[in-house]
Amino acid sequence: MALTNSGRDFIAACIINDDSPVFFNSTNSHIGVGDSTTAFAASQIDLQASSNKVRKGMEATFPTRTNNQLVFKSSFGTTDANFAWQEWGVFNASSGGVMLNRKVENLGTKSGGNWLLTVTLTINIS
């Protein structure tokens with residue numbers, strides 16, 4: 001997982017409850033997908049796709065946490081995000097907000113159907 005600068009700053013703010021952070025809870029968490037293959041940079045604050053990008057809220061009971069592992073899960077319906085999925089990220093808002101991470105990865109081309117995307121983030125000590 002590539003953590004963004006805004007994701008890093010969010011974690012630091014949460015540790016001391018600074019600036020009333022908007023938590024990545026079941027109401028606020030979203031997974032976004034887009035069609036950009038632009039390389040990851042920690043300074044990015046959104047997916048890099050110019051128009052083909054969509055954020056979806058969490059499935060019921062998500063996100064979850066077990067010790068140092070977070071799991072986010074979103075459903076993209078038959079009319080949502082029908083394009084090549086080349087990037088994804090986890091957000092704390094349906095637009096704007098904090099992009100916790102971003103991954104450039106070819107997940108295939110969605111053309112109808114219902115796709116579920118599950119993101120598992122493990123927080124490790126280096």
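Quick note: numbers below take in every heavy atom, side chains included, and nothing from hydrogens, waters or symmetry partners. All residue numbers refer to positions in the sequence shown, counting from 1. In this text the structure is predicted, and so the values were computed from the model without any measurement.
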Task: Thr4 (side chain) donor-acceptor with Met99 (main chain) under 3.5 angstrom - done: yes

Open item on the list: Is the shortest side-chain heavy-atom distance between Phe62 and Ser29 below 4.5 Å?
Closed with: no

Task: Where Val33 and Ala81 come nearest, the two heavy atoms and their spacing - done: CG2-CB, 3.8 Å

Task: Distance in Å, Thr118 OG1 paired with Phe72 CZ, rounded so as to fall on 0.5 Å steps - done: 11.5 Å

Task: Side-chain donor or acceptor of Lys110 paired with backbone N/O of Gly77 under 3.5 Å - done: yes

- [ ] Taking the side chain as every heavy atom from C-beta outward, state whether Asn101 and Phe40 have any pair of such atoms under 4.5 Å apart.
- [x] no

- [ ] Answer yes if Leu70 and Phe23 sit in the same cluster of Ile, Leu, Val, Met, Phe, Trp and Tyr residues linked by side chain heavy atoms under 4.5 Å apart, and no otherwise.
- [x] yes

Task: Ser94 vs Arg55 side-chain heavy atoms within contact, under 4.5 Å - done: no

- [ ] Output yes when a side-chain donor or acceptor of Ser74 lies under 3.5 Å from a complementary backbone atom of Lys56, and no otherwise.
- [x] yes

Task: Side-chain donor/acceptor of Glu87 to backbone N/O of Ala49, under 3.5 Å - done: yes

Open item on the list: Would you say that Leu117 contacts Leu107 through its side chain, given a criterion of any heavy-atom pair below 4.5 Å between the two side chains?
Closed with: yes

Open item on the list: What I'd like to find out is whether the side chain of Asn114 reaches to under 4.5 Å of the side chain of Ser75, using heavy atoms alone.
Closed with: yes

Open item on the list: If only side-chain N and O atoms count, and only distance matters, is there a donor-acceptor pair under 3.5 Å linking Thr122 with Gln69?
Closed with: yes

Task: Closest non-hydrogen atom pair, Phe10 against Val22 - done: CE1-O, 3.2 Å

TODO: Taking all heavy atoms of Val119 and all of Ile31, pick out the closest pair and write down the distance.
DONE: CG2-CD1, 3.8 Å

Open item on the list: Looking at every heavy atom in both Leu47 and Gly32, which two are closest together, and how far apart are they?
Closed with: CD1-C, 3.5 Å

- [ ] Please check if the side chain of Lys73 supplies one atom and the backbone of Thr64 the other of a donor-acceptor pair under 3.5 Å.
- [x] no

Task: Cluster link Ile11 to Val90, ILVMFWY, side chain under 4.5 Å - done: yes

Open item on the list: Here's a test for you: under side-chain contact (heavy atoms from CB on, under 4.5 Å), which of Leu100, Val71, Asn68, Leu3 qualifies with Leu121?
Closed with: Leu100

Task: Cluster check Trp88, Val54: I/L/V/M/F/W/Y, side chain < 4.5 angstrom - done: yes

Open item on the list: Count I, L, V, M, F, W, Y as connected when their side-chain heavy atoms are under 4.5 Å apart, and connections chain through other members. Are Phe24 and Ile45 then in the same cluster?
Closed with: no

Open item on the list: With a 4.5 Å cut-off on side-chain heavy-atom distances among I, L, V, M, F, W and Y, is there a chain of contacts connecting Phe91 to Trp85?
Closed with: no

TODO: State, yes or no, whether a side-chain contact exists between Thr38 and Gln44 at a heavy-atom distance under 4.5 Å.
DONE: yes

TODO: Rounded to the nearest 0.5 Å, what's the gap from OG on Ser51 to CG on Asp35? Could you check?
DONE: 6.5 Å

TODO: Tell me, yes or no, whether the heavy-atom count around Arg65 atom CZ, taken from other residues, nucleotides or ligands under 6.0 Å, exceeds 12.
DONE: no

